[in-house]
**Student:** 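Just dropping this structure here.
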Number of protein chains: 2
Amino acid sequence: MPRQGKEGRKIDGARLPERFGRARAAQAMALTEDYVELISDLIAEFGEARIADIAQRVGVTHPTATKAIARLKREGLASSRPYRGVFLTDAGAALAERVRARHRIVVDVLVAIGVPRETAELDAEGMEHHVSDATLKAFKAYLRKKA
Amino acid sequence: MPRQGKEGRKIDGARLPERFGRARAAQAMALTEDYVELISDLIAEFGEARIADIAQRVGVTHPTATKAIARLKREGLASSRPYRGVFLTDAGAALAERVRARHRIVVDVLVAIGVPRETAELDAEGMEHHVSDATLKAFKAYLRKKA
DNA sequence: AAAATAATGAAGCATAGGCTACATTTATTA
DNA sequence: TAATAAATGTAGCCTATGCTTCATTATTTT
């Protein structure tokens, strides 16, 4: 089979690797978003978010949760002191709020389209992390129009 | 702060870790789906899928692509011989076709809702892997109704 | 056909997110 | 208050997916 040589085929502009780089970045952000939202939920529900509860809800062992929290702290989204609960910084709380709002919108759009509510909740959990601001804006407009 | 003790609070049924386990599994599947679809594209376009082209399009170095292909082979989705191109097994080709069809539907739904085509293509790339069969079915019904 | 170029393979390292096992600290309870 | 139970911390290992570097094999080109 011929190799590319000096005049070899070039990558089509519409299919640059950027497409996949996005996916990898989004995946990293997804975990962050999930943890932050969960911490926010726990604080709202119990007044604090503890490693054991976080681990249990995420479905990992506590050392794994500890590592994740350490990452959030590195990123300035959470804070904690030894043997005490985990708290969100202002940045973390703001992120949690954005995530929560986006989640609601994604679910509402899916339901509006005809997806059963329960399925919508499950799928939104994975999909929401890949919804760009532009798409979110379109979703909001769609819901407004529908209402 | 009080610990759980013998009568500690229990996890709410609606928020079982399953939610997160799903996300982790989906993420693993996503890469598989992307590679399989890409190989299918390359074969359709050039008659063969070569490591170098796969790597370039995915945006990784060739050893990384080689590892990914090795995984596909382990999973029975692809085949290859040293210094030759990569091919899909029947299972791999079938998966590629399903992925392609789902991608189209997700993009079409986003566009129908009012998302700009280009944005829809980008976001669909990430979202599609989390669209369950149930949601896909609802998407199809929605598009039929719209048409 | 030899030399140069392109593609593939293989080895070794890094990082992220999992886990288990064990040490330590805090909170309950006897 | 001492003993027990629960929660947290720490260390070390595993797997997956990246990377760089270097060796090898194919293909082009001279």
Side-chain angles (χ1 to χ4, degrees), chain A residues 1-11 17 20-35 38-39 42 46 48-75 78-87, chain B residues 1-11 17 20-35 38-39 42 46 48-75 78-87:
Chain A
M1 287 290 153
R3 300 303 164 99
Q4 281 201 196
K6 285 177 175 147
E7 289 292 318
R9 68 214 189 210
K10 293 295 191 308
I11 277 266
F20 293 90
R22 273 171 58 94
R24 285 193 293 275
Q27 171 210 319
M29 190 61 186
L31 248 192
T32 295
E33 291 179 347
D34 283 342
Y35 271 99
L38 173 55
I39 292 167
L42 287 170
F46 301 114
E48 64 174 348
R50 307 172 63 159
I51 292 287
D53 292 333
I54 293 169
Q56 191 183 6
R57 286 226 186 162
V58 176
V60 297
T61 57
H62 76 85
T64 297
T66 299
K67 274 194 197 177
I69 301 305
R71 188 161 59 76
L72 295 186
K73 286 166 74 172
R74 273 202 309 278
E75 294 168 356
S79 67
S80 76
R81 294 195 337 276
Y83 294 96
R84 286 274 103 74
V86 178
F87 296 92
Chain B
M1 286 288 153
R3 301 302 166 98
Q4 282 201 194
K6 286 179 175 148
E7 289 291 319
R9 69 211 186 212
K10 292 296 193 306
I11 276 267
F20 294 91
R22 271 172 58 93
R24 284 194 294 276
Q27 172 210 319
M29 190 60 186
L31 248 193
T32 295
E33 291 179 347
D34 283 342
Y35 271 99
L38 173 55
I39 292 167
L42 287 170
F46 301 113
E48 63 174 348
R50 307 172 64 159
I51 293 288
D53 292 333
I54 293 169
Q56 191 182 10
R57 287 226 185 158
V58 176
V60 297
T61 57
H62 74 85
T64 298
T66 299
K67 274 194 196 174
I69 301 305
R71 187 163 59 76
L72 295 187
K73 286 166 76 172
R74 273 204 308 278
E75 292 168 356
S79 68
S80 76
R81 294 195 335 275
Y83 293 97
R84 288 274 105 77
V86 178
F87 296 92

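Convention: sequence-line order gives letters A, B, ...; per-chain numbering from 1.
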**Student:** Tell me: CD of A/Glu33 to P of C/dG17, nearest whole Å?
**Tutor:** 14 Å

**Student:** Closer than 4.0 Å, any side-chain N/O of B/Arg71 to the OP1 or OP2 of D/dT17?
**Tutor:** yes

**Student:** Considering only C/dG17, D/dC19, D/dG9, which nucleotide approaches the side chain of A/Ile51 most closely?
**Tutor:** D/dG9

**Student:** Side chains of B/Asp34 and B/Val58, heavy atoms from C-beta outward: is any pair under 4.5 Å?
**Tutor:** no

**Student:** Return no unless some side-chain N or O of A/Thr64 is found under 4.0 Å from OP1 or OP2 of C/dC19.
**Tutor:** yes

**Student:** The side chain of B/Val60 lies closest to which of these nucleotides: C/dA7, D/dG18, C/dG18?
**Tutor:** D/dG18

**Student:** Figure out the OH/C1' separation between A/Tyr83 and D/dA5, and round it to whole Å.
**Tutor:** 14 Å

**Student:** Closest approach to the side chain of A/Lys67, judged atom by atom: which nucleotide of C/dG18, D/dG9, D/dT20 is it?
**Tutor:** C/dG18

**Student:** Of the candidate nucleotides C/dA7, D/dA7, D/dC19, which contains the atom at the shortest distance from the side chain of B/Pro63?
**Tutor:** D/dC19

**Student:** Think A/Arg50 has a side-chain N or O under 4.0 angstrom from the OP1 or OP2 of D/dG9?
**Tutor:** no

**Student:** To the side chain of A/Leu31, which of C/dG18, C/dA10, C/dT8 is closest?
**Tutor:** C/dG18

**Student:** For the pair made of NZ in B/Lys73 and P in D/dA16, what is the distance, rounded to whole Å?
**Tutor:** 17 Å

**Student:** For a quick test of reading the model, state the closest non-hydrogen atom pair linking A/Leu38 to A/Ile54 and the distance between them.
**Tutor:** CD2-O, 3.8 Å

**Student:** Which of the following nucleotides, C/dA27, D/dT8, C/dG9, is nearest to the side chain of A/Arg84?
**Tutor:** C/dA27

**Student:** Please name the pair of heavy atoms, one in B/Ala65 and one in B/Ala55, separated by the smallest distance, quoted to 0.1 Å.
**Tutor:** CB-CB, 3.8 Å

**Student:** Side chain of A/His62, heavy atoms from C-beta onward: which of D/dG18, D/dG9, C/dT8 has the nearest atom to it?
**Tutor:** D/dG9

**Student:** What's the closest nucleotide to the B/Thr61 side chain, out of D/dA26, C/dT25, D/dT20?
**Tutor:** D/dT20

**Student:** What heavy-atom pair brings A/Val60 and A/Tyr35 nearest, and what distance separates the two atoms?
**Tutor:** CG2-OH, 3.9 Å

